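Each chain gets a letter, A, B and so on, in the order the sequences are listed, and its residues count up from 1. Everything numeric here is computed off the predicted structure, so don't read it as measured data.
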Amino acid sequence: MFDIRVIRESGDKIQSRLGDRGKGIDWDLLLKLDVERRDLLTQVEKKRHRRKTVLSEIGKLKCQGKPDDTKLLQEVEKLAEEIRAEEAGIKPIEDQLNDLLLRIPNIPHETVPSGENESHNEEFRRWGTPPQLTFSPVPHVELGESLDILDFKRATRMSGSRFTIYKGAGAQLERALMNYMLDLHTQNHGYLEVIPPYLVNRAGMTGTGQLPKFESDLFYIASDDFFLIPTAEVSVTNIHREEILDSADLPLRYVAGTPCFRREAGSYGKDTRGLIRQHQFNKVELVSFTNPEESYDELDRLLIDVETVLQQLGLHYRVVTLCSGDMGFSAAKTYDVEVWMPVQGVFREISSCSNFEAFQARRARIKFRGTDGKTDFVHTLNGSGVAIGRTVVAILETFQQKDGSVLIPKALHPYMGGIDKIEKR
RNA sequence: GGAGAGGUGGCCGAGUGGUCGAAGGCAACGGUUUGCUAAACCGUCGUAGGUUAACGCCUACCGAGGGUUCGAAUCCCUCCCUCUCCGCCA
């Protein structure tokens, strides 16, 4: 979200930096509403001031036991009426202005490549090599079913498409990954583990940028006006909503392993089979709150923390810098980490690490107090560290053996109760 | 779900109709004093919006929204939240 004052002063600059992302925004209307609002506000405030003055005069007379001054009473009554009418005129203007502001996406950082879609993303670095298999790899769906660790059919029966039952070693693998990642980030990388709510209210969803624009992507509980979180980013970032943090406490780093719920509206026909795109999936999420001048260092750090997971698991991946057109609404800069999927022979997103700068902080009113006593908005960042379901896919497909079994990466052994291989039961 | 109590500045806490954006305390910050620390003393010390070149000035906010009144932190209504007891439940 942008400060209307900044748009007022340097709207042209913002417009040009937004580029294609700023298409469809009515800048003239924005500025017109801003002027209208301030004019009306000035008028009302003058009248309120006059009213206050008159009221205190009336009060003084009362206290002195003097008779009422009808002239003053009349003036106050007239002012009250005018104020009420003018205030009523301001409200819709403010609402409209606010709604427009909430629908402007964040400005890409200057280091973000410009481009319309993912074909313009830039590879930033690459780690490892694709596994050299002596046979043609089996897709994780068939592998999971033949090992009896994934059950898509029965899940569909009770919940529809894009749901899965994990069974036996499959469930254990999912749980092992979650615990391994949480331990890594808390013990080695200094994040504080939290288990946040999975249901949040409208204000929370607006704070991180899901609302008002992307309501159709969310599962909604109408009876209580709750939304299911599409990512722990929402609840963890909202931990500090409407707070003023102490600059000395920054950066604040949190990690949460939670289920995520996404309607996947508009993705019909995409990744319909398997674990890749689910309505419910588990993810370990990293969230940082930093001082503004430190946020890009923090993004680098966050990215490395995420990459450590894949390196320890021995999964081939690459990091891409998203171009302006492929970035999410709230992000100023995003690195996607893409893991190698041997069956499809492509890299698939397994983590997304973003710096939102002050975009979310402004919406959620998360500030810090500097040593000079002044307050300013923090910068927020987050990254998946990493998506569990897709990690399961990568492990199954990368470490599968000719006999249909799957080797478990060493890093997970302590979490798998001594098993180092998943075999048919 | 039922009954009751309550929501005031970073925290504690006073304030039941006008002079209250709000006493007092704690914490914090600046200063004086001082081997150091501590203590004492003085001062500063909420958020947001508008306006100004700036100092500043103005407006709003005592959970949220309405209402009563010339006037509301204070009275009334609705909602939200917290706490206690009961019910239910893991």
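- The nearest whole Å value for the distance from the CD atom in A:E9 to the C1' atom in B:U52 is 13 Å.
- Summarising the base pairing, B:C36 is matched to no nucleotide, lacking a Watson-Crick or G-U wobble pair whose two defining distances lie under 3.5 Å.
- Taking only side-chain nitrogens and oxygens, A:R369 never comes nearer than 4.0 Å to OP1 or OP2 of B:G10.
- No close placement of the A:F289 and A:F368 rings is indicated, their centers lying 6.0 Å or farther apart.
- Taking only side-chain atoms of A:I244, from C-beta outward, the nucleotide of B:G50, B:G18, B:U47 with the closest atom is B:U47.
- Closest contact between the side chain of A:E45 and the listed nucleotides B:C58, B:U51, B:U47 involves B:C58.
- In this structure, A:D99 pairs ionically with A:R103, as a charged nitrogen and a carboxylate oxygen lie closer than 4.0 Å.
- Whole-Å rounding puts the A:Q43 CD to B:U51 P distance at 13 Å.
- Base-pair partner of B:A22: not found among the strands shown (Watson-Crick or G-U wobble, both distances under 3.5 Å).
- A sub-4.0 Å separation between OP1 or OP2 of B:G18 and a side-chain N or O of A:K52 is absent.
- A donor and an acceptor atom, one from each side chain of A:E307 and A:Y317, are located under 3.5 Å apart.
- Each of B:A48, B:U51, B:G49 was ranked by its minimum atom distance to the side chain of A:R37; first place goes to B:G49.
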- [ ] Evaluate the criterion ring-ring contact (aromatic ring centres under 6.0 Å, His included) for residue pair A:Y296 and A:H379; output intermediate values, then yes/no.
- [x] CA-CA 10 Å; A:Y296 279 93; A:H379 281 191; 7.4 Å; no
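- Nucleotide B:U59 has B:A48 as its partner under the Watson-Crick or G-U criteria, with both atom distances under 3.5 Å.
- Across the protein-nucleic acid pair, A:L55 atom CG and B:C20 atom P stand 15 Å apart, rounded to whole Å.
- Rounded to an integer number of Å, the gap from A:K60 NZ to B:G71 C1' is 14 Å.
- Distance CD (A:E242) to P (B:C81): 15 Å, rounded to an integer number of Å.
- In this entry B:G43 has B:C29 as its Watson-Crick or G-U wobble partner, both defining distances falling under 3.5 Å.
- Atom NZ in A:K78 sits roughly 18 Å away from atom P in B:C70 (whole-Å rounding).
- Distance A:E86 CD to B:A60 C1': 16 Å, rounded to the nearest Å.
- With distances taken from any side-chain atom of A:R48 to the nucleotides B:G50, B:A60, B:A48, the minimum falls on B:A60.
- Outside the 6.0 Å centre-distance limit, the rings of A:Y254 and A:Y191 are not counted as a close aromatic pair.
- The distance from atom CD of A:E87 to atom P of B:G65 is 12 Å, rounded to the nearest whole Å.
- With both pairing distances under 3.5 Å, B:U82 is matched to B:A5 as a Watson-Crick or G-U wobble pair.
- Taking atom P on both nucleotides, B:U51 is separated from B:C42 by 40 Å, rounded to a whole Å.
- Between A:H49 and B:U59 there is a side-chain polar atom (N or O) within less than 4.0 angstrom of OP1 or OP2.
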